[in-house]
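Here is the structure we will look at, set down as structure tokens.
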Number of protein chains: 2
Amino acid sequence: MADHVKTKSRKDRIMEAALRIFAEKTFQDATISEISKESGVSEATIYEYFGTKEDLLFAIPEKITTDNLKDYQLVLPFIKDVEGRMRAILLSYVQLYQSNSHYSALVLLQLMSNKRFRQTDAHAAIRLAAHGLLDCIREGIANGTFRKDADAYLIRSILMGTIEHLFIHWHMQGMPKREKTIVDMLDPFLELVLSGIRTKRDEQGLTLNLKLEDANALAQLLRLNEILPESLKQKVNGRKKSNKQ
Amino acid sequence: MADHVKTKSRKDRIMEAALRIFAEKTFQDATISEISKESGVSEATIYEYFGTKEDLLFAIPEKITTDNLKDYQLVLPFIKDVEGRMRAILLSYVQLYQSNSHYSALVLLQLMSNKRFRQTDAHAAIRLAAHGLLDCIREGIANGTFRKDADAYLIRSILMGTIEHLFIHWHMQGMPKREKTIVDMLDPFLELVLSGIRTKRDEQGLTLNLKLEDANALAQLLRLNEILPESLKQKVNGRKKSNKQ
DNA sequence: TACACTATCAGAGTCAGACTGTCAAGAATT
DNA sequence: AATTCTTGACAGTCTGACTCTGATAGTGTA
């Protein structure tokens, strides 16, 4: 079977053409004959590879899903820090869209509006994000990183909904051309959300209160926890050193 | 023309049937003959009222839009407080979905995935939310309520994207049946987002930074540090005095 | 009552486009 | 060369959007 290469490239050509056409038209407005012309592959062959037009639409997410998603999945279990893991998941999710920013959001929207898609949750990247984030948030609540009263489902919806909304409306009217990419916005965004659900400072204050005997230990803990802004940490550091001297 | 009533009820019957069927199927899977049977109105008459099947789909948002949306629009200019105005906009947006929670999110998704809809931004409620929120955020930044470096577009995407995401996935697998409604979740959600962009926290950081002399004072401050700003300054002031004594 | 006018409908018909089946040509494999 | 697989051209089926026509029934008017 040495024609794997050829076969694959033909299938790829169909899907690339389909991706382009589905993005610029609606699902029902895009015709197979158009995709046939665009890809240079006959209609019959398209039906050879994809049983129905809908199957062709559903094959696209797997194509969009870049290899780095797999990398992320491999790396994920090794990130102990809950927030770090959430960041990695979101980053993989954003990069998935970003890598095909002209098409993916629009095509994904068509997929989402399809009942079959909604029922099966067929997209690996979406599954990863949806389940992975939920697990992280729950773990964070369990281990005290996040507040007990944080609503895991709400937080997940904030994280995923915002990313999706940004991409869907990225090229729309009322959205300016921006110098920033969505990847650039990820960290400020994540920080905004996480700062809203981290255990409150006064709760931390209580724990600190119980465990700490002197101000030195507090300073160390502070540095480790990185609760405070950079400027403050430096001040604590400097103070500690001068104390020991 | 005394048959306005009759005419209107017929049109309504068509749209109600269409709403139900578009929600349970895809746009392309829903057939006019089906809507004809469901509504008890002949196909020919459906085409009398709505030129095309797509027109019928696009007529639905106007039907979904509840009257209270108009009330909100009237009230809006009288709410001086920026955050209050944002809350009102979001509430009207949420209630739009909530009022037809079985259908509206799904149908709206189909609308959004339609190019025509994306280009025209045709839904009054979406227009209100999109433009209104942006104005509020900008005003908040201008008058010092929100931080100068807050990204208005990002904040708007957080607010609208989350609401949309919640409704779209409300009936999906992996989302539990919940006792809370989305309206109930609005205030905690909004508070989470707003607390991340209010000016107060930054200023806190700065004041703390300036006033600290040693690790001891830092520890005391931390214990006292509750996120609310007014109480903080008072307590810090008090503590400082007692130190000096 | 007769007449005109409108809303509605059934049914027949057009047409585009998804999908199938067939066969022939060519490429790869044996 | 023979065989098998892949591909494409083409013809054809079928479904569903949309149109047209003429009938019916209700309503208002002379």
Side-chain angles (χ1 to χ4, degrees), chain A residues 1-60 63 107 110-111 113-117, chain B residues 1-61 63 106-107 110-111 113-117:
Chain A
M1 316 280 173
D3 48 14
H4 262 172
V5 185
K6 206 173 178 183
T7 300
K8 196 171 186 182
S9 82
R10 194 171 295 268
K11 196 172 181 182
D12 273 0
R13 251 160 56 207
I14 299 170
M15 284 167 67
E16 275 158 20
L19 181 56
R20 242 170 294 143
I21 289 178
F22 281 141
E24 79 188 28
K25 312 206 159 190
T26 327
F27 175 74
Q28 64 261 18
D29 285 345
T31 68
I32 294 289
S33 79
E34 201 171 7
I35 295 172
S36 160
K37 278 171 208 151
E38 174 91 8
S39 63
V41 175
S42 79
E43 281 191 50
T45 307
I46 293 179
Y47 280 103
E48 199 101 343
Y49 285 106
F50 310 93
T52 68
K53 187 180 164 192
E54 205 184 67
D55 285 342
L56 179 52
L57 177 67
F58 274 77
I60 289 178
K63 165 127 190 82
V107 174
Q110 292 183 39
L111 277 162
S113 72
N114 187 304
K115 201 182 178 187
R116 174 173 153 199
F117 186 82
Chain B
M1 315 281 171
D3 47 15
H4 263 174
V5 186
K6 206 174 173 182
T7 299
K8 196 173 185 181
S9 82
R10 194 171 295 268
K11 196 173 180 181
D12 272 0
R13 253 161 54 208
I14 298 170
M15 284 167 67
E16 276 159 19
L19 182 55
R20 243 170 294 141
I21 288 178
F22 281 141
E24 78 188 27
K25 312 205 161 193
T26 326
F27 175 74
Q28 64 259 19
D29 285 346
T31 67
I32 295 289
S33 79
E34 201 172 7
I35 294 171
S36 160
K37 279 171 207 153
E38 174 91 8
S39 63
V41 176
S42 78
E43 282 191 49
T45 309
I46 293 178
Y47 280 103
E48 200 100 344
Y49 285 105
F50 310 93
T52 66
K53 186 181 166 192
E54 205 184 67
D55 285 343
L56 178 52
L57 177 67
F58 274 78
I60 289 178
K63 169 135 187 75
L106 302 184
V107 175
Q110 292 181 40
L111 277 162
S113 73
N114 187 304
K115 199 181 178 186
R116 176 174 152 198
F117 186 82

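The structure displayed is predicted, hence computed values, not measured ones. Every chain is numbered from 1 and lettered A, B, ... according to where its sequence line falls, protein lines coming before strand lines.
Between B:Ile46 and A:Gly51, the residue anchored closer to the 5' end of DNA chain C is B:Ile46, taking for each the nucleotide with the nearest heavy atom.
Listed by chain and residue number, nothing satisfies the side-chain hydrogen bond (donor to acceptor under 3.5 Å, both in side chains) test with B:Ser36 (two or more places apart in sequence, or in another chain). Residues passing the salt bridge (charged side-chain N to carboxylate O under 4.0 Å, His left out) test with B:Asp29: none are found, sequence neighbours excluded. Residues satisfying the side-chain contact (heavy atoms from CB on, under 4.5 Å) criterion with B:Ala59, sequence neighbours excluded, are B:Met15, B:Phe50.
Relative to the six-membered ring of B:Tyr49, B:Arg10 misses at least one condition, a distance below 6.0 Å or an angle of at most 45° to the axis.
Pairs passing the ring pair (Phe, Tyr, Trp, His ring centres under 6.0 Å) check and including a residue from residues 23-46 of chain B, sequence neighbours excluded, read B:Phe22-B:Phe27. Each salt bridge (charged side-chain N to carboxylate O under 4.0 Å, His left out) pair with one or both residues in residues 34-50 of chain B, not counting sequence neighbours, appears once here: B:Arg20-B:Glu38, B:Lys25-B:Glu34.
Atom-to-atom distance recorded for A:Leu111:CG and A:Leu57:CG is 4.0 Å, nearest 0.5 angstrom. Taken to the nearest 0.5 Å, the NZ atom of A:Lys11 stands 10.5 Å off from the CG atom of A:Leu56. Between the CZ atom in B:Arg116 and the OG1 atom in A:Thr26 there is a gap of 10.0 Å [rounded to 0.5 Å].
Near DNA chain D, meaning a heavy atom under 4.0 Å away, there are no residues from residues 24-37 of chain A.
For A:Thr52, the listed nucleotide lying nearest its side chain is C:dC19; candidates were D:dC18, C:dC19, C:dA10. The nucleotide whose nearest atom lies closest to any side-chain atom of A:Tyr47 is, among C:dA10, D:dA17, C:dA18, C:dA18.
When the C1' atom of D:dT7 is taken as reference, atom NZ of A:Lys11 falls 16 Å away, rounded to whole Å. Here D:dT13 presents its C1' atom at 14 Å from CD of A:Glu43, a figure rounded to the nearest Å. The nearest whole Å value for the distance from the CD atom in B:Glu54 to the C1' atom in D:dG16 is 16 Å. Distance B:Lys53 NZ to D:dG16 P: 9 Å, rounded to the nearest Å.
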Under 3.5 Å, which protein N or O atoms sit close to an N or O of nucleotides 12-15 of chain C? Give each pair with its distance.
none

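Taking 4.0 angstrom as the limit, B:Arg10 places a side-chain polar atom (N or O) nearer than this to OP1 or OP2 of C:dC9. Between A:Tyr49 and D:dT6, a side-chain N or O to OP1/OP2 separation shorter than 4.0 Å is absent. Taking 4.0 angstrom as the limit, A:Ser42 places a side-chain polar atom (N or O) nearer than this to OP1 or OP2 of D:dG8.
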